[in-house]
Amino acid sequence: MAHVWIADIGKHVGEEVTLKGWLYNKRSSKKLVFLQLRDGTGIVQCVVFRPDLGDEIYDICDKMPQETSLSLTGTVSKDDRSEIGYELQVKKVEIAAYPTQEYPITPKEHGVAFLMDYRHLWLRSKRQNAIMRVRHELIMAIRDYFDINGFTNLDAPIFTPNACEGTTNLFEVGYFDTKAYLTQSGQLYMEAGAAALGKVYCFGPTFRAEKSKTRRHLTEFWMIEPEVAFIDLDGDMDLMEDFVCYIVKRVLEKCRRELEILERDVTALEKIKKPFPRLTYDEAYARLKELGSDFEYGTDFGGDDETMLTQSFEVPIMVHRWPREIKAFYMKRDPKDPTKAMGVDMLAPEGYGEIIGGGQREDDYEELLKQIDKEGLPHEPFEWYLDLRRYGTFTHSGFGLGLERTLAWITGIKHVREAIPFPRMMERLSP
RNA sequence: UCCCCAGUAGCUCAGCGGCAGAGCGGGUGGCUGUUAACCACUAGGUCCGCGGUUCAAUCCCGUGCUGGGGAGCCA
């Protein structure tokens with residue numbers, strides 16, 4: 001009998017098929033057992049009718065523990081009483097393997113710590129399944145966007161000899177008889193890539209040894225970092241705005257069912273259209289003051305400030321031209337106001353905070369060197385980076401988008417730890 | 001690193017200075033096509049560790065550990 005995936009069951013109404021999967025839940029009465037079968041592509045109710053299958057099979061089904069792996073052969077029928085519109089009328093039951101112990105995750109509620117300890121099993125649940133599917137679609141959308149727009153994927157190394165923005169937040173690893181660090185950004189390499197290939201992006205894991213215990217932080221997360229030659233800050237903002245609209249639209253088109261499972265308010269996502277408001281840091285500051293924040297000029301926004309600032313908008317906002325002192329050394333100085341850096345942050349609506357950080361890069365050799373010295377960074381590790389300014393320096397800009405924060409926003413989940421299969425956090429290294 | 005909160009059955013939690021509780025899950029039985037099904041019965045405990053106060057501590061105090069939320073920092 002042909003093996004059919006539950007996702008495709010609608011194409012086989014009236015046919016006899018075999019489903020293979022795990023027992024998600026069951027209910028029974030004297031004559032019937034309802035087996036909820038899960039195969040990773042969906043869940044379907046399979047009906048075991050005692051008079052047809054006999055007492056022995058009925059008893060096996062009636063006593064079957066959660067997460068037993070099995071094959072069920074039977075006829076697919078259309079049924080409005082089923083959640084997905086179809087059922088399997090079972091004719092044959094084949095147990096592949098019984099659990100050797102009681103499955104720890106029951107259909108009832110559990111605490112976060114418990115579920116995180118069983119992350120490898122938690123991924124089997126409906127909600128986690130839906131999140132991982134949206135993650136997949138988001139990744140596909142990101143790659144498609146850059147592919148359609150003529151970018152070349154150019155991945156950055158994970159072992160790096162030097163810090164991008166200082167070493168305090170880097171994970172140090174042994175590298176033969178010397179030290180290396182796990183990358184916290186591929187950006188500097190992407191700048192080299194932009195000079196080689198014009199439009200490039202990298203997409204990979206990044207590592208930050210920040211001792212942050214908040215809903216927005218992971219020590220290992222995935223970042224998409226495009227870098228483009230010959231675009232300035234305005235061009236950069238055009239790009240990030242267009243990009244974010246595209247990926248949100250794609251998820252809306254392809255993941256309706258998943259968003260429904262996650263009870264995401266899709267009307268909020270449908271409003272994500274260009275243009276996004278662009279505020280200078282000074283304008284954002286004035287606005288925060290109007291709203292009654294005690295925010296101090298010259299500092300970065302706190303979580304509350306971000307929430308306050310984004311509350312009056314239905315789309316992400318872009319805050320640009322930040323005080324130089326709080327931005328990284330590679331950001332270009334604003335020619336019109338030397339106290340500002342040409343950086344931009346995109347803040348997601350609904351309190352999800354910063355999802356993008358980017359900007360125009362310093363392309364003047366002397367200026368860049370000054371900034372490196374100001375930060376007290378050694379010259380030697382940045383010689384190759386300075387070469388980019390020596391050999392035909394060029395206007396260029398880029399940004400980094402945090403995959404998990406973006407996914408948390410799109411799916412409406414409250415914590416980024418559910419936005420990655422196996423999260424790494426300050427207090428968690430396993431499973 | 002700092003601030004706040006929590007730790008009691010496999011899970012989620014209630015509780016009280018004096019005999020350890022519920023719901024779910026497990027087991028047994030029943031049951032009407034059930035939708036986190038339902039009903040009955042049943043098993044299940046180092047009340048996080050250590051020290052202190054007390055006639056008596058799961059409860060109060062101190063301390064440690066673990067986890068959660070947040071700050072700073074960031075995507």
Side-chain angles (χ1 to χ4, degrees), chain A residues 24-36 43-50 62-63 65-67 77 79-84 87 89 99 101-118 121-122 125-127 164-166 168-170 183-187 203-225 240 299-307 326-328 343-348 352-358 399-409 414-417 419-420 425-428:
Chain A
Y24 195 68
N25 199 2
K26 71 167 191 291
R27 294 171 205 93
S28 64
S29 68
K30 201 179 182 75
K31 279 203 293 201
L32 292 155
V33 185
F34 300 100
L35 301 172
Q36 314 288 326
I43 297 173
V44 70
Q45 174 159 283
C46 304
V47 185
V48 176
F49 190 51
R50 191 172 195 164
D62 191 35
K63 297 208 161 59
Q66 199 184 347
E67 293 301 315
S77 63
D79 200 309
D80 294 338
R81 289 168 295 189
S82 154
E83 265 181 46
I84 62 164
E87 283 186 344
Q89 306 300 324
Q101 314 174 41
E102 190 187 324
Y103 189 68
I105 302 176
T106 66
K108 280 276 181 175
E109 62 195 326
H110 297 284
V112 175
F114 176 79
L115 290 169
M116 288 304 306
D117 284 343
Y118 289 98
L121 302 178
W122 190 21
S125 74
K126 241 189 228 180
R127 268 182 65 85
C164 187
E165 302 169 28
T168 47
N169 290 333
L170 289 174
T183 182
Q184 64 175 347
S185 166
Q187 188 212 305
F203 180 30
T206 48
F207 308 87
R208 306 239 172 129
E210 292 161 0
K211 294 191 171 176
S212 312
K213 297 198 294 181
T214 81
R215 77 187 68 193
R216 303 186 306 279
H217 287 87
L218 297 166
T219 54
E220 178 180 326
F221 65 97
W222 286 66
M223 192 151 66
I224 293 88
E225 294 175 278
M240 58 178 76
T299 63
D300 207 344
F301 302 138
D304 291 346
D305 297 315
E306 284 183 356
T307 305
I326 59 168
K327 286 289 172 187
V344 53
D345 283 359
M346 184 185 285
L347 306 178
Y352 281 91
E354 186 181 347
I355 53 170
I356 288 180
F399 63 84
L401 172 126
L403 182 70
E404 288 77 14
R405 280 193 188 173
T406 305
L407 182 61
W409 164 50
K414 53 200 178 316
H415 201 301
V416 290
R417 68 186 155 211
I420 186 165
M425 291 172 293
M426 189 179 148
E427 307 286 0
R428 185 167 293 278

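So you know, we letter chains A, B, ... as the sequences are listed, proteins then strands, and number each from 1.
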Novice: With rounding to whole Å, what would you report as the distance between rC4(B) and rG72(B) at their C1' atoms?
Specialist: 15 Å

Novice: Considering the options M425(A), R405(A), M426(A), which one meets the side chain to side chain contact (heavy atoms under 4.5 Å, CB included) requirement together with H217(A)?
Specialist: R405(A)

Novice: Any salt bridge between K327(A) and D300(A), counting N to O under 4.0 Å?
Specialist: no

Novice: Can you tell me how the ring of Y118(A) sits relative to the ring of F114(A), calling it parallel under 30°, perpendicular over 60° and tilted otherwise?
Specialist: tilted

Novice: Determine the interatomic distance between P on rG21(B) and the same-named atom on rG44(B); round to the nearest Å.
Specialist: 14 Å

Novice: Would you name the heavy atoms of R417(A) and M116(A) that are closest together and state the gap between them?
Specialist: CD-SD, 4.0 Å

Novice: In the structure shown, which nucleotide is the Watson-Crick or G-U wobble counterpart of rC2(B), with both distances under 3.5 Å?
Specialist: rG70(B)

Novice: What is the distance, rounded to the nearest whole Å, between atom CE of M426(A) and atom C1' of rU1(B)?
Specialist: 8 Å

Novice: Using atom P in both nucleotides, what's the gap between rG69(B) and rU12(B) to the nearest angstrom?
Specialist: 14 Å

Novice: Whether the S77(A) and E87(A) side chains hold a donor-acceptor pair (N or O, under 3.5 Å, no angle test) is what I'd like checked.
Specialist: no

Novice: Is there a Watson-Crick or G-U wobble partner for rU54(B) with both distances under 3.5 Å, and if so, which one is it?
Specialist: none

Novice: For Q184(A) and rC73(B), what is the distance between atoms CD and C1' respectively, to the nearest whole Å?
Specialist: 11 Å

Novice: With the sugar-phosphate defined as primed atoms, P, OP1 and OP2, and the base as all remaining atoms, what B/S/- string results for nucleotides 25-41 of chain B, 5' to 3', for protein heavy atoms under 4.0 Å?
Specialist: SS----BSBBBBB----

Novice: Donor-acceptor pair, distance only, cut-off 3.5 Å: does the side chain of Y103(A) make one with the backbone of L121(A)?
Specialist: yes

Novice: Using a cut-off of 4.0 Å between protein heavy atoms and nucleotide atoms, how would you tag nucleotides 66-72 of chain B 5' to 3' with B, S and -?
Specialist: -SSBBBB

Novice: Please state the C1' separation for the pair rU66(B) and rA56(B) - nearest whole angstrom.
Specialist: 29 Å

Novice: Could you tell me the separation between the CG atom of L170(A) and the P atom of rC74(B), rounded to a whole number of Å?
Specialist: 13 Å

Novice: Check the distance between rA75(B)'s C1' and M223(A)'s CE and give it to me in whole angstrom.
Specialist: 6 Å

Novice: Given the P atoms of rC47(B) and rA57(B), what is the spacing between them in whole Å?
Specialist: 13 Å

Novice: Sub-3.5 Å donor-acceptor pair from the side chain of R208(A) to the main-chain atoms of Q184(A), do we have one?
Specialist: yes

Novice: Between P on rG10(B) and OH on Y118(A), what's the gap in Å once rounded to a whole number?
Specialist: 11 Å

Novice: Given Q66(A) and T106(A), is the side-chain hydrogen bond (donor to acceptor under 3.5 Å, both in side chains) satisfied, shown in steps?
Specialist: CA-CA 8 Å; Q66(A) 199 184 347; T106(A) 66; over 6 Å; no

Novice: Under 3.5 Å, is there a donor-acceptor pair between the S185(A) and E225(A) side chains?
Specialist: yes

Novice: Does rC19(B) fall in syn (glycosidic angle within 90° of 0) or anti?
Specialist: syn

Novice: I356(A) near the nucleic acid: base, sugar-phosphate alone, or nothing, with a heavy-atom cut-off under 4.0 Å?
Specialist: sugar-phosphate

Novice: Who is the Watson-Crick or G-U wobble partner of rG21(B), with both distances under 3.5 Å?
Specialist: rC13(B)

Novice: How far, in whole Å, is rC59(B) from rG15(B) if one measures between their C1' atoms?
Specialist: 10 Å

Novice: Do any N or O atoms from the side chain of Y352(A) and from the backbone of T307(A) form a donor-acceptor pair under 3.5 angstrom?
Specialist: no

Novice: If rC38(B) has a Watson-Crick or G-U wobble mate with both distances under 3.5 Å, name it; if not, just say none.
Specialist: rG30(B)

Novice: Between rA37(B) and rC65(B), how far is it from one C1' atom to the other, in whole Å?
Specialist: 42 Å

